[in-house]
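Because the structure is predicted, anything quoted here is derived from the model rather than measured. Hydrogens, waters and symmetry mates are skipped; everything else that's a heavy atom, side chains included, is used. Along the sequence shown, residues carry numbers from 1.
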Amino acid sequence: MSPRRTETGGRIDRLRTIRFTFDGARYTGHAGDTLASALFANGVTLFGRSFKYHRPRGLLAAGVEEPNALVTVLRGEVREPNIPATMVEIYDGLVAVSQNRSPSLAWDIGALNQLGGKLLSAGFYYKTFMGPVIGPLKGTRFWMFCEHFIRRAAGLGRAGTAPDTSRYERMNAFCDVLVVGSGPAGLMAAKAAADQGARVILAELEAKFGGSANWSGETIDGASAADWAARIVGQLEGNDNVRLLPRTTVWGYYDGNTLAALERVTDHKEVPAKGEPRQRYWAIRAKTVVLATGSFERPLVFPGNDRPGVMLAHAAERYANEYGVLPGERIALFTNNDSAYRSAVALKKAGAAVVAIVDVRSDVSNEMSRLASQAEAELLAGHAVVATEGGKALTGLKVRRFELMNGALSGDERSIHADCLLMSGGWSPTIHLASQAGARAIWNPARQAFLPPQPTQRWIGAGAFTGSFTTAEAIAEGRAAGLQAAGGSASSAPLVLVEAVPGEPDPAPVFEIKAKGKSFVDFQHDVTAEDVRLAHREGFVSVEHLKRYTTLGMATDQGKNSNVPGLAIMAEALGKPIPEVGTTRFRPPYTAVSIGSLAAERFGDLKPERLTPMHDWHIDNGATMYAAGLWYRPMIYGLAGETVEQAYVREAAATRESAGIVDVSTLGKIAVQGPDAAEFLDRVYTNMFSTLAVGKARYGLMLREDGLAFDDGTTWRLGEQDFLMTTTTANAGKVMQHLEYFLDVIWPELKVTVTSVTDEWAGAAIGGPKARAILAACVKGTAVDNAALPFMGIVHGEIAGVPVMICRLSFSGEMAFEVYSGAGYGTRVWEALIEAGKPFGLVAYGLEALGTMRIEKGHVTGAEIDGRTTARDLHLDWMLSKKKPFIGSAMMDREGLIAPDRLELVGLIALDNRALNGGGHIVEELDEANPHDSIGHITACCYSPALGKYIALALVKGGKARHGTRAFVSDPLRNRFGPVEIVSNHFYDPDGSRMHG
């Protein structure tokens, strides 16, 4: 028999033994145990060390709100730190370790921090930024001395470095009603909504549905509350319109009734089943949400309230009733409300010895006195706990008389021998999601708690979440909420009968017992009551400032335990009522969320690969492929023994000598259509498009609203109200978003539709001196001579029986044509062009040759349009229309954007005939030992077959004025230094004679 395990009771499977290890020691538990309950059953009382003082800490709670017992779970080399032991379901082979201690949990050298006293009070790390004057450690030097030690102390658990090999999933769900929480209120809400035919999702963060029904010991509808809950869950499971999500934490409430949830699918399993992810991220969009998230019991603030063995009363009740574990042999309770008396009776029934109930109220009701007698506990009304005794475990406590009206202590101290002290400071509704949804919480003086705000989105509250703490109220509110959410009418059917221990929900307004010793408000961060008062003395009067200065309610705690007591102490220091001081706004996530679940399928081998219609042809013909954004594109078509440079030089030279063909299917393509399409393009582009003739194309430039260059490309006018816009491959999605935003938000009056058609078209660009002859040999239905197809002209014809659209434009600097066909016919048209080009020496070329020819010609791409450059920086100011306004025109002439020393586009020629590197800096004076005074940087570089030199494009201060001068490349990371000549960015055919042909 385990030291604390009861002989009977609990809802664990005592016939199934599970073996696990904690801090290297082997333990056993039963199916249904958490790591906390299993260790507790084995007599373990020391679970962790506190963040700052490294004080010994035991269990405080039994659920997600546990602040002390944070552990790291190990799966091979993968570590997952800072998980509450109360939320870890044990399984065979589980390995967990404690945190924030060295060398061991029992003997932690960090406990010496307790000797630091006031030196480690609130804000000590901020104060070290300024630092005292200690010898040579003056001002910030003191911070620099301390920084190493403070950073080493940051956090609790240690993050792992091994790759996480687990698989994660993402799911999108839509429902009529999302019910968050499956206690009595949540179960009734889900059942009522489902019975109305609504599509229902019920999310519960615990492994078992039922919430408090699983441990309350109450009777509902003639059965135990746990059995009643199981019956309702069984009925819900049989409904096709209900989805049950156990082990699922709804952690964020966002606009449009969109909620984020994390399902722990296999965290409780030794080995996942085939195809099962570790965790699943849910994005749930609900018409209506029912928040039945319950409430948290609050601790009381008094000296020694953090000692192992001091815990919340309801947590002890839960350990006894749900897990069959007694929290101690001699138990005392300290309370300001009636709910602790129920816990005392439950623990007595489970076999514990309850020695005393200490109540700050002197006028305890007759019913509570009767319950104290039933628990065989001495009732000390009008008393308070002023100290606890013991080291790594509680051995006793001290009490004194307490005056409720003024908080004064009187009389002699009385010692009580106990190994467990249960405290209950009232209940705080779990309003985190409602706060995230918008609006401020509302203080209720009777409940001494913040209740949820008035809804700003479509949610309905039920049960303890609303401050209705009895099970009967929860069931009634849950049914009403479910009916309302599903659009049903109020039901006149009788509610189930609940038999429960009596008690009033309102606590006495007592949060702190002021006595000598450290009294903790936030157990996780070692924030004491004195820290809160220190923050007030140092001028932090806002609750948000208090939170950040003291770290009260931060990290995984998020104010679950500490929020209200901390605010009450702050309010007293300010001399203001609690509602006037207010509360912090809860922010997502409600609990820690793994980054793996957020990334999910977007990571690793499930990353989507976009392939052009001609992809298989490229592979079959020796292309070396690489990822360019989301697309896979040919880099080179290398011959045996060729280097990458040799291959692209050959391909580029062949294109300039005869002809080359490149796959341009990846260019962004957007259909812009409607009566106001031309007007819209005039506003979007810096140059005019309303004057563009049908059957012609024009090069266009877009600016961002701040006047910086955004994207460039050509737009083709296919009809009076029909345009085809092309964008750079990388910016296709961003440009689409840009257009949609302005149409939806800024100019909704424009009659224009924009449609992404990137994947509808296959594209091939064919260029070079022989390009027109190749087209003439295979195009049917149209001429392609200069009269029929002038520069920027568009014609329609057929190639290999496939309708095609051809526009004469050039990115390479040669006479060139873009040939578009339906994506399904892309390979057929491509192969027909290849066949027609064989007599003319046509070569296929990849992105390296394409980049080489664009650098020779001086064309810009994303490397130069990098979010920092203007049209003038790129020598595209000739495209800035003076006849119309456009996006960015109001901001493009700001002083900083027309300064004479801005980085401008230039060309570079390596004078030492060595390769240049993108990102290398340009300097006026070379200093290899101490590189400094950069005047710009290289954006793109290559070996130019046309010039027979290594060249580059660069952005250089006052670039145009430096043409013909010399500078140096300084690239210390790659040990590349050498002289360069600054020239025009138009290296090749600057007058365009080859392109216009």
Side-chain angles (χ1 to χ4, degrees), residues 1-49 56-63 66-74 83-101 103-108 157 206-208 214-215 267-268 270 307-312 315-331 346-347 350-353 390-395 418-422:
M1 190 67 185
S2 297
R4 293 178 183 265
R5 186 79 78 181
T6 59
E7 293 184 5
T8 59
R11 301 186 64 79
I12 55 173
D13 183 356
R14 294 173 183 262
L15 298 179
R16 183 179 162 201
T17 299
I18 294 176
R19 293 168 176 79
F20 65 96
T21 65
F22 178 67
D23 277 351
R26 297 181 182 276
Y27 297 95
T28 62
H30 296 295
D33 264 325
T34 64
L35 178 61
S37 66
L39 290 174
F40 217 12
N42 281 278
V44 175
T45 57
L46 182 61
F47 280 77
R49 290 281 176 166
R57 291 282 167 81
L59 289 173
L60 179 75
E66 171 58 43
N68 295 332
L70 303 182
V71 301
T72 296
V73 174
L74 307 178
I83 306 175
T86 52
M87 298 301 292
V88 178
E89 299 174 60
I90 62 170
Y91 53 84
D92 281 316
L94 169 68
V95 178
V97 294
S98 57
Q99 304 179 158
N100 202 44
R101 81 293 186 273
S104 69
L105 188 57
W107 301 102
D108 178 20
E206 300 275 2
K208 296 178 182 176
N214 289 320
W215 53 266
D267 282 357
H268 61 293
E270 182 180 6
R307 201 177 304 280
V310 181
M311 63 191 304
L312 295 171
E317 184 181 353
R318 182 176 178 185
Y319 282 116
N321 287 349
E322 188 168 1
Y323 303 110
V325 179
L326 294 178
E329 295 180 1
R330 290 177 56 83
I331 299 173
L347 290 166
K392 296 166 188 170
L394 184 74
T395 58
D419 61 355
C420 179
L421 173 61
L422 309 181

Undergrad: I'd like to know if the side chain of N42 and the backbone of V44 have a donor-acceptor N/O pair within less than 3.5 Å.
TA: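 Such a contact is absent between N42 side chain and V44 backbone.
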Undergrad: Looking at E329, is its backbone amide N or carbonyl O close enough to the side chain of D419 to form a donor-acceptor pair, meaning the two atoms are under 3.5 Å apart?
TA: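 A pair under 3.5 Å: yes.
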Undergrad: K392 side chain to A106 main-chain N or O, any donor-acceptor pair under 3.5 Å?
TA: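 Yes, the answer is positive, given that a donor and an acceptor are paired below the 3.5 Å cut-off.
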Undergrad: Of the non-hydrogen atoms in A350 and A320, which two are nearest, and what is the gap between them?
TA: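 Where A350 meets A320 most closely, the heavy atoms are CB-CB, 4.0 Å.
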Undergrad: Using every non-hydrogen atom in the two residues, find where E66 and L60 come nearest and quote the distance to one decimal.
TA: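 What the structure gives for the nearest pair is OE1-N, 2.9 Å.
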Undergrad: I'd like to know if the side chain of R49 and the backbone of R57 have a donor-acceptor N/O pair within less than 3.5 Å.
TA: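 No; zero donor-acceptor contacts below 3.5 Å.
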Undergrad: Side chain to side chain contact (heavy atoms under 4.5 Å, CB included) between L70 and I83: does it pass, once the steps are laid out?
TA: CA-CA 5 Å; L70 303 182; I83 306 175; over 6 Å; no
Undergrad: Answer yes or no: is there an ion pair linking D33 with R5, defined by an N-O contact shorter than 4.0 Å?
TA: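 Judged by the 4.0 Å cut-off on N to carboxylate O distance, D33 and R5 do form a salt bridge.
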Undergrad: Nearest 0.5 angstrom please: H30 NE2 to S37 OG, how far?
TA: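 The NE2 atom of H30 sits 10.0 Å away from the OG atom of S37.
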Undergrad: Any side-chain donor paired with an acceptor under 3.5 Å for R101 and S104?
TA: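 S104 and R101 do not have a side-chain donor-acceptor pair below 3.5 Å.
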Undergrad: Mind checking the CD1-CG spacing from I331 to L347? Nearest 0.5 Å is all I need.
TA: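 Nearest 0.5 Å value for the CD1-CG distance: 4.5 Å.
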Undergrad: Once you round to the nearest 0.5 Å, how far does CE of M311 lie from CD of E317?
TA: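 Between M311 CE and E317 CD, I get 11.5 Å after rounding to 0.5 Å.
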Undergrad: Taking F20 as the fixed residue, which of D92, V95, L39 is the one that meets the side chain to side chain contact (heavy atoms under 4.5 Å, CB included) rule?
TA: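 Considering D92, V95, L39, a side chain to side chain contact (heavy atoms under 4.5 Å, CB included) with F20 is found only for L39.
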Undergrad: Please check if the distance between the ring centroids of F40 and Y319 is under 6.0 Å.
TA: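 Yes, close enough.
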Undergrad: Mind checking the CG-SG spacing from L326 to C420? Nearest 0.5 Å is all I need.
TA: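 Those atoms lie 9.5 Å apart.
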Undergrad: Nearest 0.5 Å please: distance from the CG atom of D23 over to the CD atom of Q99.
TA: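 D23 CG to Q99 CD: 10.0 Å, rounded to 0.5 Å.
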Undergrad: Please evaluate residues F47 and N68 with respect to the criterion side chain to side chain contact (heavy atoms under 4.5 Å, CB included), reporting the C-alpha separation (whole Å), side-chain torsions for both, the decisive distance (0.1 Å), and the verdict.
TA: CA-CA 7 Å; F47 280 77; N68 295 332; 6.0 Å; no
Undergrad: Check A61 against T86 and note the closest heavy-atom contact, atom names and distance.
TA: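 For A61 versus T86, the nearest heavy atoms are O-CG2, 3.6 Å.
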Undergrad: Calculate, to the nearest 0.5 Å, the distance between atoms CZ and CD belonging to R14 and E7 respectively.
TA: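 That separation rounds to 9.0 Å.
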Undergrad: Pick one: which of V97, I90, L94, V71 meets side chain to side chain contact (heavy atoms under 4.5 Å, CB included) with F22?
TA: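 Of the listed options, the one satisfying the test is V71.
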Undergrad: Can you name the closest pair of heavy atoms from T34 and A85 and give their distance?
TA: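 What the structure gives for the nearest pair is CB-O, 3.9 Å.
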Undergrad: For side chain to side chain contact (heavy atoms under 4.5 Å, CB included), just list the numbers for K208 and R11, CA-CA rounded to whole Å, side-chain angles, deciding distance to a tenth of an Å, and then say yes or no.
TA: CA-CA 10 Å; K208 296 178 182 176; R11 301 186 64 79; 3.6 Å; yes
Undergrad: Closer than 4.0 angstrom, basic N to acidic O: yes or no for R19 and E270?
TA: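 Salt bridge flag = no for E270 with R19.
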Undergrad: Shortest non-hydrogen contact from A352 to G328?
TA: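 The answer is CB-O, 4.4 Å.
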Undergrad: Of the non-hydrogen atoms in A393 and T45, which two are nearest, and what is the gap between them?
TA: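 For A393 versus T45, the nearest heavy atoms are CB-OG1, 4.1 Å.
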Undergrad: Are any non-hydrogen side-chain atoms of V73 and V88 less than 4.5 angstrom apart?
TA: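 Side-chain contact under 4.5 Å: yes.
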